[in-house]
Trainee: 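My structure is below; once you've seen it, I'll send some questions.
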2 protein chains.
Amino acid sequence: MGRPQTFDTADVVRAARATFWEHGYEDASMPRLEVSTGLRRSSLYHAFGSKRGLFDAAVTSYLDEVVRPRLAALTAPDVAPDAVIDYFAGLRAALASPGTVQAESGCLLINAAGAPIGKDPVVRETVAAYRAELRTAVRAGVVAHFPDRSAAEHDRVADLCTALLVSALLLTRVDHPQALANLDAALDLLA
Amino acid sequence: MGRPQTFDTADVVRAARATFWEHGYEDASMPRLEVSTGLRRSSLYHAFGSKRGLFDAAVTSYLDEVVRPRLAALTAPDVAPDAVIDYFAGLRAALASPGTVQAESGCLLINAAGAPIGKDPVVRETVAAYRAELRTAVRAGVVAHFPDRSAAEHDRVADLCTALLVSALLLTRVDHPQALANLDAALDLLA
DNA sequence: TATGTTGTGGAACGATCGTTACAGAAAAGG
DNA sequence: CCTTTTCTGTAACGATCGTTCCACAACATA
């Protein structure tokens, strides 16, 4: 069997995820990743093949452990009438709490969209699929919240809320109050 | 007086602007900037002090020659009723025309927001001010387009259109059809 | 023409990037 | 025990980054 790993893979990916989240792919240097994960290059390369491999693992971890748990109530078979409200209110609270990665850096994938790494075809597709996943979940919440409205109206509100969401996540870094204002605008749309 | 410059500064800044626009600040290396501008490092450093100085000049050029001319009809003292429509339709046409920098890379400043350079305080403030400028212009257009609506409604529609705009510019790189769809959604709001 | 000043070309700088090579450590199986 | 396999630590790799230095070219002025 050979020598066993001295670290928990999920923990290391989470640590790397935080570093990519905070600094972006380009500025998350290997020395930085060594410090944040507590591993040496040799171990990281042995386990993930490359910096990019580690990033891909971080993205998967981000979707599974950050994005989808928060969307859970909107992607379940039965969606509560106020699940969308809870989603936007919960995200707002997360973005408003100082010191957290979310509040400081917004969204790992939205940030990647405009960065150099966003030119990579795989990353491109990942971000596009991520946005589509957000919009599907939001629409399900909108349907549950406005059951009497038409499908066209559901689409319209879902599109607007998703755009406000994307804008909020992008603006988190550069204009924090405005990011919160965008989430408030989404909550107004749902009132 | 010494030896005169052999190049037109505005032309060089425009060339550098296109490079920063396409590749982002981080991946716009000095060799690349030398090729795109047709100048050697020594001339670039002599004229702009640093890569960052050239970037700042490119940003100023971007605002003055790309952003504000397109916003002109919305920032004038008298705003035509359909000026907002024209703005979003014109931007949609620009993003839809293949081969252009706009269509390939969206917006220089929006892209900078999520990239590592977006952590710089000055860039942060520049992007925030840029978004505010967009929102002010859009609101003026909304007021002219819906003169009978309330101020609160003006704010609401302006906020939504601005978010759709920001989202569209961000998504241009990663999901081009969706970027156009966001601009269409803004046009629907104004119909 | 001689001098002073400014712009350009070319080469090199030190620093840092992501990646790799290799020896030793820690387990399982013979 | 010894061998095999897997993981880790150290050190280095070549490449590229942004920046600087310096000699020379091109102008204005005296």
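A note on names: the letters A, B, ... follow the listed sequences, proteins ahead of strands, and every chain is numbered from 1. It should be emphasised that the depicted structure is a prediction, and the values quoted were computed from it without experimental measurement.
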Trainee: Whole angstroms only, please: what is the CG-P distance between L54(B) and dC17(D)?
Mentor: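 In whole Å, dC17(D) P lies 15 Å from L54(B) CG.
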Trainee: Give a yes or no answer on whether the side chain of S105(A) reaches the backbone of Q102(A) with a donor-acceptor pair at less than 3.5 Å.
Mentor: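 Looks like no, no N/O pair under 3.5 Å.
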Trainee: Between M1(B) and K51(B), which has a closest nucleotide on DNA chain D that is more 5'?
Mentor: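 First, find each residue's nearest nucleotide; the 5'-ward one identifies K51(B).
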Trainee: Pairing donors with acceptors under 3.5 angstrom, does anything connect the side chains of R32(B) and T19(B)?
Mentor: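 The answer is no; no qualifying pair exists.
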Trainee: In whole angstrom, give the distance that lies between atom OH of Y45(B) and atom P of dT8(C).
Mentor: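 Distance check: Y45(B) OH to dT8(C) P gives 16 Å.
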Trainee: How about D8(B): does its CG atom have over 12 heavy atoms from other parts shown lying under 6.0 Å from it?
Mentor: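 Yes.
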Trainee: If you compare every side-chain N and O of R40(B) against the phosphate oxygens of dG10(C) (OP1, OP2), does one of them come in below 4.0 Å?
Mentor: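 Looking at the OP1 and OP2 atoms of dG10(C), one of them is under 4.0 Å from a side-chain N or O of R40(B).
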Trainee: For the base of dT19(D), is there a side-chain donor-acceptor partner from R41(B) under 3.5 Å away?
Mentor: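 Indeed, a donor on one side and an acceptor on the other fall under 3.5 Å apart.
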Trainee: From the options dT8(C), dA26(D), dA27(C), select the nucleotide whose nearest atom is closest to the side chain of P4(B).
Mentor: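 Selected nucleotide (nearest to the side chain): dA26(D).
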Trainee: Give a yes/no on whether any side-chain N or O of S42(B) is located under 4.0 angstrom from OP1 or OP2 of dG9(C).
Mentor: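 For dG9(C), neither OP1 nor OP2 has a side-chain N or O of S42(B) closer than 4.0 Å.
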Trainee: Specify the separation, in whole Å, of atom CZ of R52(A) and atom C1' of dC17(C).
Mentor: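 Checked: the CZ to C1' distance equals 17 Å.
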Trainee: Could you check D27(A) against G49(A) and say which one's nearest nucleotide on DNA chain C is further toward the 5' end?
Mentor: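 Nearest-nucleotide comparison on DNA chain C picks D27(A).
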Trainee: From the options dG18(D), dC7(D), dG18(C), select the nucleotide whose nearest atom is closest to the side chain of P31(B).
Mentor: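 Taking heavy atoms from C-beta onward, the closest nucleotide is dG18(D).
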Trainee: In this structure, how many angstroms lie between the P atom of dA26(C) and the CZ atom of F7(A), rounded?
Mentor: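 Spelled out: CZ on F7(A) to P on dA26(C) is 16 Å.
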Trainee: Would you call Y87(A) and I85(A) a side-chain contact if the rule is heavy atoms closer than 4.5 Å?
Mentor: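 Y87(A) does not reach I85(A) side chain to side chain.
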Trainee: Does dT8(D) have OP1 or OP2 under 4.0 Å away from a side-chain N or O of T6(A)?
Mentor: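 For T6(A), the contact criterion (side-chain N or O under 4.0 Å from OP1 or OP2 of dT8(D)) is met.
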Trainee: Below 4.0 angstrom from OP1 or OP2 of dC17(D), is there any side-chain N or O of S29(B)?
Mentor: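 So the side-chain polar atoms of S29(B) do come within 4.0 Å of the phosphate oxygens OP1 or OP2 of dC17(D), strictly under.
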Trainee: Does D155(B) come within less than 4.0 Å of R135(B), counting only side-chain N to carboxylate O?
Mentor: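 A salt bridge is present here (some side-chain N lies under 4.0 Å from a carboxylate O).
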Trainee: What is the distance, rounded to the nearest whole Å, between atom CE of M30(B) and atom P of dC13(C)?
Mentor: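 It works out to 19 Å between those atoms.
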Trainee: Figure out the CZ/C1' separation between F48(A) and dT20(C), and round it to whole Å.
Mentor: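 Answer to the nearest Å: 18 Å.
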Trainee: Do R3(B) and dC27(D) have a side chain to base donor-acceptor pair shorter than 3.5 Å?
Mentor: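 Checked by distance alone, the answer is no.
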Trainee: How close or far is atom P of dG18(D) from atom CD of E26(B), stated in whole angstroms?
Mentor: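 Checked: the CD to P distance equals 10 Å.
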Trainee: Just how far, in rounded Å, is P of dT16(C) from CG of L33(A)?
Mentor: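 Taking CG of L33(A) and P of dT16(C), I get 16 Å after rounding.
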